[in-house]
Amino acid sequence: MKILNIGLYLLVSLSLLCSCSGADDSDNDMDSFISALMDEMTLEEKLGQMNLVTGGDIVTGYVMSNELEQLIRQNQIGGVFNVKGAEKILELQRIAVEETRHGIPLLVGADIIHGYETIFPIPLALSCSWDSVAVERMARISAIESAASGINWTYSPMVDICRDPRWGRIAEGNGEDPYLSSILGPAYVRGYQGKDMSGKDEIMSCVKHFALYGAVEAGRDYTTVDMSRQRMFNEYLPPYKAAIQSGAASVMNSFNLIDGVPAAANKWLMVDVLRDMWGFDGLLATDYGSISEMATLGYAPLTQASVKALEAGTDMDMVSSGYLNTLRESLENKNVSIGMIDRACRRVLEAKYRLGLFKDPYKYCDTTAATTKVFTAEHRRIARDIATETFVLLKNNNQTLPISPKGRIALVGPMADAGNNMCGMWSMTCTPSKHQSLKEAMEEELKDVAELIYAKGCNVYADETTEINANGIRQITRGNDDVMLRQAIAAASKADVIVAALGESAEMSGESASRADIELPDVQKRLLKAMVSTGKPVVLLLFTGRPLVLTWEDANVDAILNIWYGGSEAGAAICDVVFGHVSPSGKLTTTFPRSMGQVPIYYNHMNTSRPDSDPNVFNRYQSNYIDERNEPLYPFGFGLSYTTFAYGELRLDKTTLTEGESIKATINVTNTGDFKATEIVQLYTHDIYASLARPVKELKGFERITLNPGESRDVTFSITPDMLRFYNSKLEYVWEPGEFEVMVGSDSEHLSTCKFELK
């Protein structure tokens, strides 16, 4: 009961006042409280705490409201996810607290990936801002709005490194680089959890998908990953470690096989690495149904899979109900011990304690909070400002952008008047009717100063079945492609400049949205070619959740602005940049290939024994293609501005580095154009010779600087031996003496280089 539960909390806390002191008081209090509670719990109650089910409001699930309430009364649920609305959550929490024997409150989770109702740009877009402060603000606002709506646990951040743009979930991460993701992942955690999750607007974060999910074969969800452990530790694991060691209170393991073992049952990964090596003592949950899916993977049926997951330190079973329905039998058969069950149950209870739910079970159940804390004017203003930082200008011939707000502007494309498409994947908690479409935002921007001529121009795909599959629950209304093309040509004939809003619809990226062909969809490219053939300036506004193959577009379109999915304020933010109120400053965090045959392609690759000596011609017996260049279309770190930046000579204060010292690398950057703008100055290093071959370059630092026209600034980076460490063949984290290159510039290809020696 609620009264008994709080009474136990107070009794244990008061009893410790005289016996405990020092920095570990809170942990001692928690241990004593949970031990006392668990002494009173039955086996069934413990297994119930380890069971996580879906409520089905946000994403369709199988548990209906009446069934959910009954499961709570029967002590068979420790947490629920995808229930929307503080009123509903209050009732579920009331049942748990007041209608069960111990009154243990519920964890209430949701996929709050890039905003609750104030939706921010998708994570891949946010990473292109290279702005950890902006990412933390986004997560803080997400926590405020989620908490006001009853949610206390978000399944974010996703820090999977991905180098294959076919994978739909590349949209949810921070790109291909482990260093940058190791900066941004902790920013999410800080924003969600605040100082210690004690505040009513601080919620629990969950680092996912542990581990390596971004490296699934062929870019398809739910499949296998196979790589060396050296590659894991050097290239894929650092972002998880950084986010976890920044204080993340929970982790979600991944769907994929690792060394032939499902991640949720992989004891080496979950115990040896996560628990023992990294010291994680928080809650470890599975992803949706991953215990039951071990049978499909050919690893183990549900009963044995549940044993394996428990042995591997997985505490909470999402949806499979394997723990709830099989562990009693496994305990009786001595395939698991009560100590293993107690360990998992304790971690679930500890998460609830750290959230303050035992002290105040209704901490997140203020049914009036949402009216003043959700989708506020201030939150929307911040979302709009952050969105402008994420757009990446890929091409801008003859200063086509920014567009002068005058004359006649044609706006064409299926993404132009689709307000419900602006937010992208994982934004089910939003209210699309509150969002402006690009057309509506441009009409507002151009009112009384210019004429906007709109035509949809085409469908997303020519084939209706493909479009329905691509759009999922957000299908954009279809029309006749031939009729719409004629309408677009007529609109373009009257205009001075053409803006084409094309790309992927929202559900074409994210989970279960892999694409084998990542070019612009067929009928959209036909529309774009027709617009280019008019001879008028064409601006491509590209909606996408992944890198696309844009070889034709780059060769033929005047300007390309990649706007990803900019969130609930995307329409206004796009106008801010397109009409020159803000200069674009985003830089790519994923490499854009020239053709599909180059995939996977990423900047920090290993060298080859026979590097291609001339990319302009085919050189037999060198590492290249007969029919394609090696170089990407747009490299990692690339992004143009409305101004130009001139980089001076790279200078080192010394050329020898020893332990305990640092080298200062300085470069002067000047704004040589006419716009105030932000530049992201990037530092890379290369270990020329090492006991394991090292990448041709690795990002090791960056700085965002804002310069007025004509302004110059020195940017200085400090290089230390710790920056040069890597995991060797014995998985020892070492730096090795030798010669290094340091490179500084505007992206991973345009760099100035110096050398130094590490002794």
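Note: hydrogens, waters and symmetry copies are ignored here, and every other heavy atom, side chains too, is used. Heads up: numbering here begins at 1 and tracks the sequence.
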Participant: Using every non-hydrogen atom in the two residues, find where L284 and R275 come nearest and quote the distance to one decimal.
Facilitator: CB-NH2, 3.5 Å

Participant: Looking at K664, is its backbone amide N or carbonyl O close enough to the side chain of D653 to form a donor-acceptor pair, meaning the two atoms are under 3.5 Å apart?
Facilitator: yes

Participant: Inspect the contact between R594 and D554 and indicate whether a charged nitrogen and a carboxylate oxygen are less than 4.0 angstrom apart.
Facilitator: no

Participant: Is the side chain of H379 donor-acceptor paired with the backbone N or O of T118 at a distance under 3.5 Å, no angle test?
Facilitator: no

Participant: Is the gap between the ring centers of W130 and F636 under 6.0 Å?
Facilitator: yes

Participant: Could you tell me if R694 sits above the aromatic ring of F726, with its cationic atom closer than 6.0 Å to the ring centre and no more than 45 degrees from the axis?
Facilitator: yes

Participant: Find the distance between CG (D177) and CZ (R163) and round it off to the nearest 0.5 Å.
Facilitator: 8.0 Å

Participant: Start with the C-alpha gap between R381 and E569, add the side-chain angles, then the distance that decides, and say whether salt bridge (charged side-chain N to carboxylate O under 4.0 Å, His left out) holds.
Facilitator: CA-CA 8 Å; R381 182 192 64 78; E569 304 308 304; over 6 Å; no

Participant: Tell me if a side-chain donor or acceptor on N671 pairs with a main-chain N or O of L707 at a distance below 3.5 Å.
Facilitator: yes

Participant: Going through the checks in order, is the ring pair (Phe, Tyr, Trp, His ring centres under 6.0 Å) test met by F638 and F592?
Facilitator: CA-CA 10 Å; F638 176 78; F592 275 50; 9.3 Å; no

Participant: Check whether Q598 reaches the backbone of R629 with its side chain - one donor and one acceptor, N or O, closer than 3.5 Å.
Facilitator: yes

Participant: I'd like to know if the side chain of K700 and the backbone of M723 have a donor-acceptor N/O pair within less than 3.5 Å.
Facilitator: yes

Participant: Less than 6.0 Å separating the ring centroids of W278 and Y240?
Facilitator: no

Participant: With rounding to the nearest 0.5 Å, note down the distance linking OG in S691 to CD in E732.
Facilitator: 9.0 Å

